[in-house]
Amino acid sequence: MPRPYVRREALLLEEWVKKNYPDKPQWFRVRLGPAVFKGEEKLYQMLRRWADAIVFDGEHILIIEAKMRPMPEGIAELELYRDLFPKTPEFKMFWKYPVKLIYLTTWLDKAIKELCDKKGIEYVVYRPPWAEEYIRKTWGVVS
């Protein structure tokens with residue numbers, strides 16, 4: 001019998017955001033990109049990208065990508081979201097604030113962290129107990 005699907009990355013992300021920014025404006029699974037125009041709705045819904053989370057800390061816009069297992073594609077996703085943010089009309093009131101990119105994951109992958117460092121992306125390791133157990137069972141990794 002297949003095990004039930006659990007949105008672990010969403011759980012990791014929501015837990016970390018609420019722990020670190022409990023009283024700040026937070027948006028999860030945010031569509032980014034230019035406005036949708038009449039007649040383009042179906043096409044455009046496929047083109048608009050989803051950022052895992054956006055937080056306004058009072059000084060910066062934080063765009064956060066969460067990965068249970070560190071993967072390099074998360075870096076490109078963050079860079080794309082940074083470029084799309086100032087084109088997203090729903091966030092026009094925040095366009096004037098500097099954007100910080102955060103790569104949230106459950107363990108240190110030195111190669112991916114090094115690439116994040118080169119690109120000015122903050123690499124954050126957050127591993128609550130439930131994630132540690134999942135990592136051990138799924139990948140046999142505990143660092």
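Position 1 is the first residue of the sequence, and the numbers go up from there. All heavy atoms count here, side chains included; hydrogens, waters and symmetry mates do not.
Using bins of under 30°, 30° to 60° and over 60° for the plane-to-plane angle, the ring pair Tyr21/Trp16 lands in the perpendicular bin.
For the pair Phe94/Ile54, no side-chain contact is recorded, criterion being any heavy-atom separation below 4.5 Å from C-beta on. With a 4.5 Å cut-off on side-chain heavy atoms, Trp95 and Ile61 do not count as touching. At a threshold of 4.5 Å between non-hydrogen side-chain atoms, the residues Lys110 and Leu108 count as touching. Asp109 places none of its side-chain heavy atoms less than 4.5 Å from the side chain of Tyr103. Considering only heavy atoms from C-beta on, Tyr126 stays 4.5 Å or farther from Asn20 through its side chain. Counting heavy atoms from C-beta outward, Trp27 and Phe56 have side chains that approach closer than 4.5 Å.
What you find for Glu59 and Tyr97 is that their closest heavy atoms are O-CD2, 3.6 Å. Shortest non-hydrogen contact noted between Phe28 and Lys18 is CE1-NZ, 4.0 Å. Asp52 and Ala66 get closest at one heavy-atom pair: OD2-N, 2.8 Å. The two residues Pro128 and Leu12 make their nearest non-hydrogen contact at CD-CD1, 3.8 Å. The minimum heavy-atom distance between Pro34 and Pro89, with the atom names listed, is C-CD, 4.1 Å. Smallest separation of non-hydrogen atoms from Leu32 and Ala51: CD1-CB, 3.7 Å.
Here CG of Asp57 is found 4.5 Å from CG of Leu62. Values are rounded to the nearest 0.5 Å. With values rounded to the nearest 0.5 angstrom, Asp117 atom CG is found 10.0 Å from Tyr123 atom OH. Rounding to the nearest 0.5 Å places CD of Glu9 at 11.0 Å from CG of Leu11. To the nearest 0.5 Å, atom CE of residue Met68 and atom CZ of residue Arg8 are 7.0 Å apart. For the atom pair Glu65 CD and Leu101 CG, the distance stands at 10.5 Å (nearest 0.5 Å).
Applying the salt bridge (charged side-chain N to carboxylate O under 4.0 Å, His left out) test to every pair with at least one member in residues 84-94, sequence neighbours left out, gives these pairs: Arg48-Glu90.
Each of Val125, Leu104, Ile112 was compared with Pro70 under the side-chain contact (heavy atoms from CB on, under 4.5 Å) criterion, and only Ile112 meets it.
Between Lys118 and Glu114 there is a salt bridge, since at least one side-chain N of the basic residue sits less than 4.0 Å from a carboxylate O of the acidic one.
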Which atom pairs, donor and acceptor, lie under 3.5 Å between side-chain atoms of residues 77-84 and protein residues at least two apart or in another chain?
unit_1: Glu77; atom_1: OE1; unit_2: Lys67; atom_2: NZ; d: 3.2
unit_1: Glu79; atom_1: OE2; unit_2: Lys119; atom_2: NZ; d: 3.1
unit_1: Tyr81; atom_1: OH; unit_2: Trp50; atom_2: O; d: 2.7

